[in-house]
Every structure is written in structure tokens, then in C-alpha cells.
Protein chains: 2
Amino acid sequence: MKNKFRQHIEKTTSLTDEEFDFVFSHFKRKQIDKKQCIIKKGKPVENVYWVLKGLMKASYLDLNGKQHIIQFAMEDWWITDYQAFINKEKATIDVSCLETSEVLVLSFSDREKMCSESQKMANFFRIKSNASNAALQKRVLTLLSSNSEERYNELLSEHPKLLQRVPKHLIASYLGLSRETLSRLSVKKRIDVKI
Amino acid sequence: MKNKFRQHIEKTTSLTDEEFDFVFSHFKRKQIDKKQCIIKKGKPVENVYWVLKGLMKASYLDLNGKQHIIQFAMEDWWITDYQAFINKEKATIDVSCLETSEVLVLSFSDREKMCSESQKMANFFRIKSNASNAALQKRVLTLLSSNSEERYNELLSEHPKLLQRVPKHLIASYLGLSRETLSRLSVKKRIDVKI
DNA sequence: TATAATTTGTGATATAGATCAATTTTTGAC
DNA sequence: GTCAAAAATTGATCTATATCACAAATTATA
């Protein structure tokens, strides 16, 4: 496990054994049951989570009681309510578990401490954040410029695994369309393939 | 001008005079004419820009020739094609000037150099990037959960200046709706206010 | 393994917002 | 100040996708 996490970090920044031990000492390992909530709307957001195993979702419940999916997180992904985490505000979204998961937990203060003591880790998080920015910008663009079928196909080709692991109504919610529309798209896809 | 930029940096990270001079030495000042393009689709993206004065837009032209606005940048904002800038890829979007502008230009290599030599600046860019992430996540959420009127009102209350400086069809494009719909919304607003 | 709960599929209908087309207003260039 | 270009408005349609209602299938649980 330690090794898997090290690989994740070293994809971006190479570390000596001592450096990695220093980094790793800031994390706590945690098991989270299916359906369990690790971030609750209105509560403080102490931590950011790295998913070692399992699947989580970040979601927002709007005034009409409709759920919107901001983000999924599978193995190797980070998840939290960034807005709240960074600004020490109360959560505006929920983060919960879709499959029983194992995560590494990092608190805000430990993260800041790590970044101020380690140039490399400051860079690691900067680069991660930059990448996340690029991805979010792309998502905005997709929401602005693509119709439901295009959005579905994009997700299908970029994260086919996700479509298998996540209930379809949550996928629909992530793509910004109704479950009925998504259902019709996936049926259409199956027929398209047969012909 | 130098002072205005220093204030911008020091909102996030305080610097000594020497530190600031070191930082500032990496930037070049540049004047950009209205309608001029500083990033062109298909071309390399060398720089990130900080707007000292003026107004710029980042936009994407889709396959049907429809323009989508990814970002505006007024005074004090940063702008570039992040995806391309970070990954040294060719631009997928255009960045151009809506008003004659003055910007500070920072190249990728100077930015990396600065970050590796200055812990503080690495932190500055990390924090900026985090904030941008939170904002983008909020925009995604708005696109997922709000109708045209709600999106218009949100922009109106958060960036009233923008509505005055930018042609409405570009605002429409930023919000993901047609110029006709936006026009009807603003008319409605005016009537709503009168009553 | 039975029963409940969750998820998915499908037809009928409604609607927000797009598109089309024409006009008016504003802005910019000479 | 005049003329051309760009932007905004307005009405009449059209359409993609939401919503509603119910049925079928799958998955979890007692």
C-alpha cells in the first residue's frame, strides 16, 4: 500500500526514501464503509482524501432535492470539498462512499506543514492542482458545447470503468442529464453497435 | 504598476523587497491591442498572462463554428490555455483582447525556475491554482444545477462590472445560452425591476 | 429463498431554451 | 457627422431533453 502511494507521488515528483517517509508520516489510513459519509454539508472540512481502494462521490443537493455529482474518485484520485477545505469554510457538498473504500487522510495543517517544509511536495500539490484545473476547464467546455450524446460518449471513452462501477442515475447526474435520457442513450448505443 | 502587481502577490504571500525584485525580474510588460490574439489554437503556449489593465477572453470555437467562452480576465486576473501551457501542448483555445490591455507576461520556464528557487512563489501559485479550482468547481455546479435565469443572476451579482464591459452575446456564450435568451432575460429583469 | 429496495427501461407529454428571420439600436471608422 | 459594421431586440417556430407514470429487472437483506 505504502508502495502504491509512493508510485502515485513519484509519477510527478521523485523522492528519496527519507523524503517519502517524511511525507507518508503525515497521512492516516482509514477504512470507509459503503454509503458512509466522510464530508457532510455544513460541517467543517478538515481533510483531503486519497483513494487507495474503492470509489467515492462528491455531490450537491440542490434546493429541489435533486442531486448533482461534482466528482467521482476511484483508485489513485484525490477528493474533498476544495472550496471549504482551502478556505476553512463549512462544506457545501457531501462526499460519500459508493463502494467500501480504503483511503489515506491528510489534514489541512499537515498539508500546509508538509508544503512549507518540502519544496518537492509544494510542487507536487501545485502540479496536481494545475492538472485538476485543466480537467475542470475541459469539463466546463464540454458542458457548454456538447449535447447529451456527446457528453455520454466522451465519458464512455475516457472512463469506461466508471460506467461499470457507478449506478447509471449517478452518471446521468454527473453529465447533467436525466436518468431517462441516459438510459435511452445507452440503449441507442447498444443498438447502434449491433447494426 | 510595479506596486499594483506587488499588492496582487502580497494578497497571498508577503515578500521582502529583494524577493519581490527577484520575482518581478521574471516578467515582461506588454501592451496588447483590442482584438489582438495572444494565444492561437494550434500554436504553442509559451506564457501565462497577468492583466494589469484591460479585458481579455479565452474562447473555444466548436465544430459548428460556435464560440464558447471559457474565461474572461479583467484587471488582476491570470489567463492562458492552462491545459496547453502546463503540458507543453498546442493550444486548443484562443485568448484575445476585448479592450486594449496591458499585461505582465511570464514564460513557463521562468515560472518553473521561480517556483524551484522560491518556496514562497511555489506556494503562491499553488494557492492561486487551488482557488481557481474551487471557482471552476462552482461553475460546473452552476452549469449542472441552475437554469438560464439563475446563471444570469449569479453572474450579475458576482461580476456586475463584466456585464457592462463585455458584449452581451459573449456573456451569453460564457453562460451557455443563446444571445436571444440572454436578451429576453435582461429585458425581463428591467421590467421586473420597474414593477 | 423470499421480500423489499434500488436501479433501469420505455412510452406519452410538457417545456425551456434554441433557432430562424427580420428590425432596431449602438458603436466605430473615416 | 455619415456610413458601415456590430450588437441587441423581438416574434414565430422548433427541438432536445425534462418530467411523469408505470413496468421490468437487478441487487440487497431478513
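Lettering of chains follows the sequences in order, A, B, ..., and the numbering in each one begins at 1. Fair warning: this is a prediction, and the values are worked out from it, not measured in the lab.
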Margin query: Show, in sequence, the C-alpha distance, side-chain angles and deciding distance for Arg126(A) and Asn123(A), and conclude whether the side chain to side chain donor-acceptor pair (under 3.5 Å) test is met.
Written below: CA-CA 5 Å; Arg126(A) 182 175 62 85; Asn123(A) 256 313; 2.5 Å; yes
Can you give each donor-acceptor pair under 3.5 Å made by side-chain atoms of residues 127-134 of chain B, sequence neighbours left out, with the distance rounded to 0.1 Å?
{"unit_1": "Ser129(B)", "atom_1": "OG", "unit_2": "Ser129(A)", "atom_2": "OG", "d": "2.7"}
{"unit_1": "Ser129(B)", "atom_1": "OG", "unit_2": "Asn130(A)", "atom_2": "N", "d": "3.4"}
{"unit_1": "Ser129(B)", "atom_1": "OG", "unit_2": "Asn130(A)", "atom_2": "ND2", "d": "3.1"}
{"unit_1": "Ser129(B)", "atom_1": "OG", "unit_2": "Asn133(A)", "atom_2": "ND2", "d": "3.0"}
{"unit_1": "Asn130(B)", "atom_1": "OD1", "unit_2": "Arg111(A)", "atom_2": "NH2", "d": "3.4"}
{"unit_1": "Asn130(B)", "atom_1": "ND2", "unit_2": "Ser129(A)", "atom_2": "OG", "d": "3.1"}
{"unit_1": "Ser132(B)", "atom_1": "OG", "unit_2": "Asn133(A)", "atom_2": "OD1", "d": "2.5"}
{"unit_1": "Asn133(B)", "atom_1": "OD1", "unit_2": "Ser132(A)", "atom_2": "OG", "d": "2.5"}
{"unit_1": "Asn133(B)", "atom_1": "ND2", "unit_2": "Ser129(A)", "atom_2": "O", "d": "3.0"}
{"unit_1": "Asn133(B)", "atom_1": "ND2", "unit_2": "Ser129(A)", "atom_2": "OG", "d": "3.0"}
{"unit_1": "Asn133(B)", "atom_1": "ND2", "unit_2": "Ser129(B)", "atom_2": "O", "d": "3.3"}

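With respect to Asp76(A) and Lys11(A), a salt bridge is recorded, a charged nitrogen being found less than 4.0 Å from a carboxylate O. A salt bridge links Asp17(B) and Arg6(B); the closest N-O separation between the charged side-chain nitrogens and carboxylate oxygens is under 4.0 Å.
With sequence neighbours left out, Glu117(A) forms a side-chain hydrogen bond (donor to acceptor under 3.5 Å, both in side chains) with no residue at all. The salt bridge (charged side-chain N to carboxylate O under 4.0 Å, His left out) search around Asp21(A) returns Lys2(A), not counting sequence neighbours. Listed by chain and number, the residues in a side chain to side chain contact (heavy atoms under 4.5 Å, CB included) with Glu149(A) are Asn147(A), Asn153(A), Leu185(A), Lys188(A) (sequence neighbours excluded). Not counting sequence neighbours, Gln36(A) has no partner by the side-chain hydrogen bond (donor to acceptor under 3.5 Å, both in side chains) test. With sequence neighbours left out, Arg29(B) forms a side-chain hydrogen bond (donor to acceptor under 3.5 Å, both in side chains) with Glu102(B). For Arg165(A), the side chain to side chain contact (heavy atoms under 4.5 Å, CB included) partners are Leu55(A), Met74(A), Glu75(A), Glu99(A), not counting sequence neighbours.
Aromatic ring pairs are classed by plane angle as parallel below 30°, tilted from 30° to 60° and perpendicular above 60°; the pair Trp77(A) and His159(A) is perpendicular. Taking the six-membered ring for Trp and thresholds of 30 and 60 degrees, Phe20(A) and Phe5(A) have ring planes inclined between 30 and 60 degrees apart.
Contact of the Val187(A) side chain with the Arg184(A) side chain is not registered, since no non-hydrogen atoms from C-beta on lie closer than 4.5 Å. Between Tyr82(A) and Val48(A) the shortest side-chain heavy-atom distance falls below 4.5 Å.
Rounding to the nearest 0.5 Å places CD1 of Ile70(B) at 9.0 Å from CG of Asp94(B).
Neither OP1 nor OP2 of dT6(C) sits under 4.0 Å from any side-chain N or O of His169(A).
Direction change of the helix axis from one end of the helix from dT1(C)-dA30(D) to dC30(C)-dG1(D) to the other is 60°, with five pairs defining each end axis (rounded to 10°).
One atom, CD1 of Ile171(A), and another, P of dG9(C), lie 13 Å apart when rounded to the nearest Å. Atoms NZ (Lys188(A)) and P (dT17(D)) sit 10 Å apart, rounded to a whole Å. As rounded to whole Å, 13 Å separates atom P of dT8(C) from atom CD of Gln164(A). Rounded to whole Å, atom C1' of dT7(C) lies 14 Å from atom CD of Gln67(A). Atom-to-atom, CG of Leu175(A) to P of dA18(D) comes out at 11 Å; the value is rounded to the nearest Å. In this entry the distance linking CG of Asp33(A) with C1' of dA28(D) reads 15 Å, nearest Å.
When each of Phe124(A), Phe22(A), Phe125(A) is paired with Ser118(A), the side chain to side chain contact (heavy atoms under 4.5 Å, CB included) condition holds for Phe22(A) and for no other.
Here the nucleotide nearest the side chain of Lys168(A), chosen from dA8(D), dT8(C), dG9(C), is dT8(C).
Applying a 4.0 Å cut-off to non-hydrogen atoms, none of the residues of residues 154-163 of chain A approaches DNA chain D. DNA chain C lies under 4.0 Å from no heavy atom of any residue of residues 95-103 of chain B.
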Expected string for nucleotides 10-19 of chain C under the B/S/- scheme (protein heavy atoms, under 4.0 Å, primed atoms plus P, OP1, OP2 as sugar-phosphate) is BBB----SSB
Between the protein and nucleotides 28-30 of chain C, which nitrogen or oxygen pairs come in under 3.5 angstrom?
{"unit_1": "dG28(C)", "atom_1": "OP1", "unit_2": "Lys34(B)", "atom_2": "NZ", "d": "3.4"}

